[in-house]
Amino acid sequence: MRATNVLFESFLLKSILAIILSSLTFLPVTCLAGYASQFQLAIPTLNSAANIDGELDDAIWQQAAVTELKYETQPGENIAALVKTEARVYATKTSLFVAFTAKDINPKLIRATLKDRDKLWSDDLVGIKLDTFNNARLAYQFFINPLGVQLDSIENELTGEESEAWDGIWKSAGKITADGYQVEVELPLRLFNFDDKKSLQEWGFELIRYYPRNEKHRLSTHKIDRNTSCQLCQLGVASGLAGAEQGQDVQITPTFIANRNEHKQADGWEADNNLEPGVDLRWGINSSTLLNATINPDFSQVESDAGQLDVNSTFSLFYDEKRPFFLDNKDYFDTQVNLLHTRNIVAPDYGIKLTSKSDDHTLALLASNDSQTTFLVPGNLSSEVASLDQESLNLAGRYRFDISKTFSIGGLLTAKTSSDNTHNGTANTPHNEINSQPDYHNYVISLDAKYQLTPQDSFTAQVAQSDTQYPTGVYRQFCTDTENDPSNGLPCGQSQLDCELGHCQLNEQVLRSQSDNRFGGNLYQLTFKHEERNWFAYSEYNAVDPDFRADLGFVEKIDYRTFEAGAGLIWYPTGTFNKVELAGDWDITHNQAGERLEEEYEAYIEIIGALQSEITFGVETRERVGPRRDASQLTIAGNSQLYDETQVWFYGAVTPLSPLSMELEMYYGDEIDFINDRLGTKTQMNPSINWKIANGLSIDISHLYQQMDVEQGALFTANLSDVRLNWQFSLHSFIRLSSIYTRINRNVAQYLYSAPQSEEAHLGNELLYGYKLNPQSVFYLGYSDSLQANDELSRLTRDEKTYFMKLSYAWLL
């Protein structure tokens, strides 16, 4: 059976590649970016700037171009809009101005609350989408609610993602009126990359309104074809902006940070006071090239990361990047595989970044030091983070060439190096190893391509190669008990080849990092998608060598090859439901030695309908291997048991009332108990609620419950509660209180090879006051603490306290 599956996988892969190569040879290249026949607006260039106050009483608006958002594109399919929305647009040489007049059948039902920027998707919104090169690669998006609160993001057609992390400095104001609301916007042209050498601009363009009532209606200036998979290819065109200039685009942001960290010691509290001045520079060298530089930057996380449970999981947790320096033009570095994840740069002292886009060429360069060296050591069954107590240099370079509006190729280089030979990051390295360690480095080179064969078919490909060298003794970080290593000074666990599961100090990361020599490997990814109005199909092939590493990225799995194929049907009924999707997929994974790791089948049905509801129900069944029983070798055959798992899952979301939205995610079924190498039963529930208590006052509550049962009884129960109370006084000031509480209870008698804590608890709190004039001009004052409990501490005991203040101001020159 296994040989049959491998042959079938190989046959399918070769067939798909043959079809793709045939298409590349014979299909014509069609222009799919924004085009005038979709929608066109001639934008006049005027001399006066409107006063952005939400009143729309400036005479200059009477000279602006006027258009309407006539069509509903979701859930209705290009039908007449339910409500009238008029927009006025004009430009000066340095700014783009847009004014919306949004009528409403019942203005009392308008959804608008004061809140922090970028958290608006449940509100009424009007917005602007701009593709300044009109090549269907990237688009700027700006949305505003009726009170003038802002949301901005960048849509990336290459990755299919929208990044709300990018924050521009622009002006907006809104006002609710007797028959709806009105909004004014000024977008300085320094925000954008564009070719200002042209006497007239032609930008991809769309004006949008979200009208959330029983359903969330999306209104637009033009029709959207559901039979076309590319979204940015369906923009209209805004022409004009005569004499548009980016102007003097220099932003200097000095920052001052003060914090006091207190840690509880056996004999009392130990305090550490820090005063950290810094400065950021953002210089638009010209309309297409941006330079960012930073010295002693503040890269602290003002907003706490969402809570995550790390129990019965074998792979490292992923956290999003939130730091401003790395986020500006971040999309220029993106590829289909995450080869640059800048949260791997933990504590830099300086950084510099150059990004440029002109016509068909995109260039991005990044250089930064890091006061420590942190990277992921991946495997095919697990991954863990390694850290060296030494400074590193981090470099990245990306180039992309858009050969046509349907075909682009690109390359990415990353380098992470460290040459400090005085310490290898572990406290147990023999003295004779310290001065003989090789330097650490990781180099990655990658090539990628995307081809939009037809409006329905797209193909992406990426190949990467790495070169890596670890310092001696890195593997010791992954030993479970180096101080009491019974192998008499030998590398951890070397003499324990017959140890029982869990007793041996070796794990996959020890074996993957136990090398003093340079090593390297390759990565491959091929994806083909066909998407039409009523059905879709896709296939994907991934292969990663055992010695491939991407230490500046987030590639948590190596030594495998996976083939996946899936398809689905879509219906658009009228009435209670407006979309129904029925789909499924199959995938099979082997390691590079040809041993099967997993084979999975999945089917689901998704229904979208009234009360802004979404309901998805799915079932998946798979065979996959458990942990290795002889931890001294990486082989699977004869070294791991193959388990059969079947799970059902459910996701539901609904907004029964304007101020209340709810979500629920559930899983139930078989799951491997990785610690004890046996099959268990997993129950998981994850409800969440967002309640707008009053204008400006809201609370977000989520809870994650997880329980694992084995044949002898309950193994563990884990609970994680994440509560965030937000009080927005005005557009600029707020108070936020957040608490994340985690509690894990274990039945120690059911653990076969180890004796973990029977109880563990952690509570993290943060109280933050913020005044935000714009995303870079801020004042923060806050307090956070951490409390722990375990078998030795019967109640939550505070072990860390932090008081912090941040002041920054963006000078626009």
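Start at 1 with the first residue, then count along the sequence.
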Quiz item: Can you tell me if NZ on Lys93 sees more than 12 non-hydrogen neighbours from other groups inside 6.0 Å?
Solution: no
| Any side-chain heavy atom of Tyr350 sitting closer than 4.5 Å to one from Thr294? | no
Do Glu276 and Asn296 meet the criterion of a side-chain donor-acceptor pair at a distance under 3.5 Å? yes
Side chain to side chain contact (heavy atoms under 4.5 Å, CB included) filter on Val250, not counting sequence neighbours, yields Gln248, Ile252, Leu281, Trp283, Leu813
Worksheet entry | NZ/Lys772: more than 12 non-hydrogen atoms of other groups inside 6.0 Å | yes
Do any N or O atoms from the side chain of Ser777 and from the backbone of Ala810 form a donor-acceptor pair under 3.5 angstrom? yes
Worksheet item: Would a distance-only check, ignoring hydrogens and angles, find a side-chain to backbone donor-acceptor pair under 3.5 Å from Arg398 to Asp334?
Response: yes
| query | Within a reach of under 6.0 Å around CG of Asn47, are more than 12 heavy atoms found that belong to other residues, nucleotides or ligands? | reply | no
ask   = Within a strict 4.5 Å, meaning less than it, do heavy atoms of the Gln776 and Ile169 side chains meet?
value = yes
Are more than 12 heavy atoms, taken from residues, nucleotides or ligands other than Trp61, located less than 6.0 Å from that residue's CH2 atom? yes
Problem set entry | Flag side-chain contact, heavy atom, 4.5 Å: Pro212 against Asp124 | yes
ask   = Side-chain donor-acceptor pair under 3.5 Å between Gln141 and Glu162, yes or no?
value = yes
With Ser356 as partner, the option from Thr289, Asn193, Asn286 fulfilling side-chain hydrogen bond (donor to acceptor under 3.5 Å, both in side chains) is Thr289
Next item on the list: Verify, without hydrogens or angle tests, whether His217 (side chain) and Arg209 (backbone) share a donor-acceptor contact under 3.5 angstrom.
Entry: no
message = What verdict does the side chain to side chain contact (heavy atoms under 4.5 Å, CB included) test give for Gln234 and Thr228, after you've listed the backbone C-alpha separation in whole Å, the side-chain angles of each residue and the deciding distance to 0.1 Å?
response = CA-CA 8 Å; Gln234 300 193 64; Thr228 298; 3.5 Å; yes
Q.
Using a 6.0 Å distance limit plus a 45 degree cone around the ring axis, check whether Arg137 lies over the aromatic ring of Phe133.
A. no
**Heavy-atom side-chain proximity of Tyr769 to Tyr783 below 4.5 angstrom** = no
Shortest non-hydrogen pair, Phe100 vs Gly127, comes out as CZ-O, 3.6 Å
Stepwise side chain to side chain contact (heavy atoms under 4.5 Å, CB included) check, Phe39 with Val237: CA-CA 6 Å; Phe39 169 77; Val237 171; over 6 Å; no
Could you tell me whether Glu202 atom CD has more than 12 heavy atoms of other residues or ligands within 6.0 Å of it?
no
Take Lys330 and Glu321 through the test salt bridge (charged side-chain N to carboxylate O under 4.0 Å, His left out) and record every step on the way to the result.
CA-CA 10 Å; Lys330 164 189 171 294; Glu321 179 62 85; over 6 Å; no
| request: On the 0 to 90° scale, with breaks at 30° and 60°, tag the Tyr771-His732 ring pair as parallel, tilted or perpendicular. | output: tilted
Pairing of Arg117 and Asp152 as salt bridge, 4.0 angstrom limit
yes
Quiz item: Are Lys357 and Asp331 close enough for a salt bridge, meaning some N to O gap below 4.0 Å?
Solution: no
* What orientation do Phe142 and Phe192 show, parallel under 30°, tilted 30 to 60°, or perpendicular over 60°? -> perpendicular
Name the atoms and distances for all side-chain donor-acceptor pairs under 3.5 Å in residues 689-697, with sequence neighbours left out.
residue: Asn690; atom: ND2; partner: Asp700; partner atom: OD1; Å: 2.5
residue: Lys692; atom: NZ; partner: Ser122; partner atom: OG; Å: 3.1
residue: Lys692; atom: NZ; partner: Asp123; partner atom: OD1; Å: 3.2
residue: Asn695; atom: OD1; partner: Leu114; partner atom: N; Å: 3.2

| Distance-only donor-acceptor check, side chains Thr253 and Asp280, under 3.5 Å | no
- Looking at Phe325, is Lys353 sitting on its ring face, NZ or CZ under 6.0 Å from the six-membered ring centre and within 45 degrees of the normal? yes
ask   = How about Glu206 and Ser220: does a side-chain donor come under 3.5 Å of a side-chain acceptor?
value = yes
Sorted by chain and residue number, the salt bridge (charged side-chain N to carboxylate O under 4.0 Å, His left out) partners of Arg282 (sequence neighbours excluded) come out as Asp249, Asp328
- Message: Given 3.5 Å as the limit, does a donor-acceptor pair link the side chain of Asp58 with the main chain of Asn51, or not?
- Response: yes
